[in-house]
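Take a look at the structure below.
Each ligand, and each atom within it, is numbered from 1 in the order the structure gives.
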Amino acid sequence: MRVFLVNPSHVSFGTAVITPRWMYVLAAATPSRFGDPVLRDETLDPFDVNEIAAGDVVGIGIHTGNALRGYEVGQLARYRGAHVVFGGIHATLFPEEVLERGAAHAVVRGDGDGVWPTVIDDCLAGAAKRVYEAGQIRGDRFSVARWDLLPEGRYMWASVQTVRGCPKHCSFCSVWRTDGQAPRQAGVDAVIREAVELRRRGFRFIALADDNFYPVSLGDLAQARRRSDPSRLHELEAIRAERFALMERLAMLPDDMVFFTQITMEAAEDPDFLDAMRRARIRGALVGVESVTPEGLKDVYKGFNLSGDALVERLQAFRARGIHVLGSFIFGLPSDRADTFAATADLADRAGVTFAQFVMLTPFPGTVDFERWEREVADTAVKIGGIPITRHWLIPQDRRPKVYVPHPVMTADEIRQRTQAVWDRFYALPRIWKRSRIVRSLKARLAFVLISKLYRQMYANTGIATDSARHERSVRVARMIARPCRRLFAAAPMPGLEIPVA
Ligand code: SF4
């Protein structure tokens, strides 16, 4: 009997940007009596289900975007006589759908690492429960991933998690509902041990795969100070102190290590925090800008962001402290108009963001937006191949629309084309070359160009294009660029690296 862990994907690039952390965490949670689990990441290569034998246990992790491919894998695995178990955000939200469409024996809801050994035992005893309510694990119980199972030379960045949960409540995001609003921080020692192990193996770039690296803002502290009961203030101060303790330890790692994280824009007005990030060599951060107008921010319940010139200033504050911003923008908000696209592209230029992604508003399950949309559309939802678009993830990729929510003044195709045009403009060669000035040597500038082009091919053309030829071409180009890109991120292993002591 073997345990398989499968990360499904309908598109494989041969090389992937970031390690799918959940697989290595569940691998660590797999008891040694079952041997090393077999990890299959389809963002690298398609999974050949013939590897599965009757009696094996197959764990499949899904989010909404890869659920359909996950269901295919589940059905094939069950057909081959395996015990099929699903987990991940989508399985947590729709256990019944997963049981039915993915031919699952069991579904794990919530953080799977704690319950995984029980699930395997139950499967082998023929007594798997339909649904396991795993809930949310405390930060100090997060499993340390098994990086010894990483395949050689396939990933550019490794991933470590330092905090789960986010206190915000953005309408398009499900994190605060699935991972909770109370930040759960991983133990500092555990994070550092993993970072050291990864550097020993030759990874010097590490993504801190956190929901929100800045869970306590100065505004939160000020608000708590106004309360007569100081307990909330003490709680927030303790969370913040732990963040600083973590960054101090990260700063003690080898100088060539670089980290990247996700953060809210409020961090820009917290110079102490930004300085600590710089010392920790957190050189890049995905910042959810979402919209450049106050109306757009209201649309997504993100009133804590700024707009216009104040927004430019905030984004520049990151740059001034040596932190490069990957700005994330959403198009298709009800208040968006035709001129919003150019205004967004201009702002991204003026603010000096190093990378940007422009996504089209998609109501993802588990979000406030989704619930509102589902209620509004009710029984009148358009169907494609018999599937209502309120279940868009079940529509085959080649027939899946790119825009779902009707817009007050723009057609779906207009939003798609204008979004594509903004990607084209931001990632035009002359602009990339200009932005590449952030690095000095010619070699580094060329590397910057290559990485920018790869990012665009992987995330824009394969996600927005409706033209299948363009899609195929993008996958081919991305496969081609990804290999040399990976080499740019690799470093010589440091097998003797010691864990720094505080
Ligand atoms: S989008 Fe970011 S800030 Fe908003 S709830 Fe999600 S994780 Fe938190």
Side-chain angles (χ1 to χ4, degrees), residues 18 21-22 63-65 88-90 92-93 110-111 136 139 142 159-186 207-221 223 236 239-240 243 260-270 273-274 277 282 284-294 296-307 311 314-315 317-318 323 325-333 344 353 355-373 405 459:
I18 301 179
R21 184 175 168 77
W22 76 265
H63 50 79
T64 300
I89 294 178
H90 195 81
T92 299
L93 294 167
D111 298 334
Q136 292 171 358
F142 290 171
S159 52
V160 169
Q161 192 169 41
T162 78
V163 60
R164 279 183 211 170
C166 175
K168 306 296 183 194
H169 56 273
C170 305
S171 67
F172 56 88
C173 174
S174 62
V175 158
W176 56 282
R177 289 171 144 191
T178 51
D179 279 352
Q181 286 187 287
R184 290 170 286 142
Q185 304 198 74
L208 303 177
D210 300 325
D211 294 326
N212 177 3
F213 191 79
Y214 184 64
V216 176
S217 68
L218 292 182
D220 297 332
L221 290 169
Q223 206 176 23
L236 295 181
I239 295 172
R240 183 174 165 88
R243 295 275 84 190
F260 175 91
T261 191
Q262 311 198 53
I263 204 163
T264 49
M265 201 189 292
E266 298 155 306
E269 55 181 22
D270 190 340
F273 200 86
L274 292 187
M277 282 176 74
I282 301 173
L286 186 147
V287 177
V289 180
E290 325 309 357
S291 172
V292 301
T293 67
L297 292 171
K298 221 193 264 168
D299 286 341
V300 294
Y301 298 8
K302 209 153 181 172
F304 58 89
N305 268 10
L306 294 179
S307 54
L311 166 60
R314 272 219 179 160
L315 293 172
F318 286 103
I323 299 160
V325 170
L326 191 171
S328 180
F329 301 84
I330 302 178
F331 287 133
L333 300 173
T344 303
V353 302
F355 292 93
Q357 61 181 31
F358 307 96
V359 299
M360 290 178 290
L361 179 65
T362 302
F364 281 112
T367 65
V368 170
D369 283 350
F370 181 85
E371 282 165 12
R372 189 173 40 208
W373 176 57
V405 188
Y459 296 104

Between [atom1] of [X] and [atom2] of [Y], what distance do you get to the nearest 0.5 Å?
X: L333; Y: T293; atom1: CG; atom2: OG1; answer: 7.5 Å
X: L286; Y: Q262; atom1: CG; atom2: CD; answer: 5.0 Å
X: T162; Y: F142; atom1: OG1; atom2: CZ; answer: 9.0 Å

- Query: Is it the case that more than 12 heavy atoms not belonging to K298 sit under 6.0 Å from its NZ atom?
  - Reply: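 Atom NZ in K298 is not packed in, count stays at 12 or less.
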- What is the ring orientation for F358 with F331, classed by angle as parallel under 30°, tilted 30 to 60°, or perpendicular over 60°?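 It falls in the parallel class, under 30°.
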- Query: Which atoms of the protein, restricted to N, O or S, are nearer than 2.8 Å to atom 8 (Fe) of ligand 1?
  - Reply: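 N, O, S partners closer than 2.8 Å: C166 SG.
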- Task: Could you verify whether a donor N or O on one side chain and an acceptor N or O on the other, from R243 and Q185, lie under 3.5 Å apart?
- Result: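 Per modelled atom types, R243 and Q185 side chains form a pair under 3.5 Å.
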- Which residue and non-hydrogen atom of the protein lie closest to atom 2 (Fe) of ligand 1, and at what distance in Å?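 Heavy-atom neighbour on the protein nearest atom 2 (Fe) of ligand 1: K302 NZ, 4.4 Å.
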